[in-house]
Amino acid sequence: MTEPKRDQVHEGALGERLNWLRAAVLGANDGIVSTAGLVVGVAGATDTRSALLTAGLAGLLAGSVSMAAGEYVSVSTQRDSERAALAHERRELRERPQAELEELAELLRRRGLSREVAHEAAVQLTERDALRAHARVELGIDPDALTNPWHAAWASFLAFTAGALLPLLAMVLPPADTRLAVTVASVLTALALTGWSSARLGAAAPGRAVLRTMAGGALAMGVTYAAGSALDLAGI
């Protein structure tokens, strides 16, 4: 029984790393698109570098803090649910151990083991660590690796900030006559990379993912630039 347990730990760790990487890619994508839309929209109304910088920084800070706060709340709720489920399972193991043993055996049998092998495996897992066995098999929770809301919050903050910096710098650093073209080209290139990365992490074909992310970014920039230009023409 030792080797399968080690494999499960390795598979769980790999899955956790992939989830973090996917979240980081998506956070960076959000930072790119939202900040690009903001600075391109402002560029449609004015070419003043200070206005562009102010708008970009405001969008970066507001977006990164909002993403971090939202991720912290979401993961904290998930962690609370996991702890409540573990406490409930611990209470059931204390009050009705035989019924829980039979339940574990039935869950293992549904995964393809014969009735005899499932019962023997359930007995051995219960003798080793009943709560951990039920947590993993019944609840799908690793009690040694509960989600950490602070890790999630910082990961979202950093990923969004990294993504948002690209359109901000692309807009404020080049000369006025090239900054819009540089920003659009930089953003579309970065979105192609995030689309490709998210597809590869999900073991999917990257072509459609790249097109989707680029199309979404182009649409966001086009809409906000049109809105900014309309405000400029209206003299607002």
Side-chain angles (χ1 to χ4, degrees), residues 19-77 148-199 201 209-236:
N19 285 337
W20 281 111
L21 286 172
R22 190 175 292 109
V25 170
L26 294 176
N29 185 83
D30 287 343
I32 294 169
V33 173
S34 61
T35 306
L38 180 61
V39 295
V40 168
V42 174
T46 179
D47 60 356
T48 305
R49 192 186 302 269
S50 60
L52 294 169
L53 179 60
T54 300
L57 278 177
L60 184 154
L61 292 174
S64 58
V65 172
S66 176
M67 286 283 291
E71 195 71 14
Y72 179 85
V73 171
S74 175
V75 175
S76 293
T77 301
N148 189 314
W150 284 110
H151 289 172
W154 277 111
S156 294
F157 180 88
L158 294 174
F160 188 96
T161 300
L165 279 173
L166 183 133
L168 173 58
L169 296 177
M171 182 60 75
V172 300
L173 293 181
D177 58 340
T178 61
R179 61 173 55 128
L180 184 60
V182 170
T183 300
V184 171
S186 300
V187 166
L188 292 180
T189 300
L191 290 176
L193 180 59
T194 60
W196 181 87
S197 300
S198 62
L201 288 171
V210 169
L211 289 176
R212 282 195 298 264
T213 56
M214 292 180 69
L219 178 62
M221 289 186 290
V223 169
T224 56
Y225 184 79
S229 299
L231 291 175
D232 183 43
L233 291 174
I236 299 176

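Throughout, residue positions are numbered sequentially from 1 according to the sequence presented.
Heavy atoms only, all atoms of each residue included: Leu52 and Val39 are closest at CD2-O, 3.6 Å. Annotation for Met221 and Val40: closest pair O-CG1, 3.5 Å, computed over non-hydrogen atoms. Shortest non-hydrogen contact noted between Gly56 and Leu168 is CA-CD1, 3.6 Å. Of all the heavy atoms in Leu38 and Gly59, the pair that sits closest is CD2-CA, 3.6 Å. The nearest pair of heavy atoms linking Val182 to Pro174 is CG1-CG, 3.9 Å.
Remark: Leu166 CG to Leu193 CG distance equals 10.0 Å, nearest 0.5 Å. To the nearest 0.5 Å, atoms CG (Leu231) and OG1 (Thr46) are separated by 12.0 Å. Atoms OG and NE2, on Ser156 and His151 in that order, are 12.5 Å from each other to the nearest 0.5 Å. Annotation: the span from Ser66 atom OG to Leu61 atom CG amounts to 12.0 Å, rounded to 0.5 Å.
A donor-acceptor pair under 3.5 Å links the side-chain atoms of Thr35 to the main chain of Gly31, judged by distance alone. Checked by atom type and distance alone, the side chain of Thr183 pairs as donor or acceptor with a backbone atom of Ala170 at under 3.5 Å.
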Met171 and Leu180: CA distance, side-chain angles, deciding distance, side chain to side chain contact (heavy atoms under 4.5 Å, CB included) verdict: CA-CA 6 Å; Met171 182 60 75; Leu180 184 60; 4.2 Å; yes

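Taking the side-chain contact (heavy atoms from CB on, under 4.5 Å) definition, one finds that Phe157 meets it with Ser64, Val65, Ala68, Trp154, Thr161, sequence neighbours left out.
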Using a 3.5 Å cut-off and no angle test, enumerate the donor-acceptor pairs between side-chain atoms of residues 212-219 and protein atoms at least two apart in sequence or in another chain.
from   : atom 1 : to     : atom 2 : distance (Å)
Thr213 : OG1    : Leu191 : O      : 2.9
Thr213 : OG1    : Ala209 : O      : 3.1
Thr213 : OG1    : Val210 : O      : 3.0

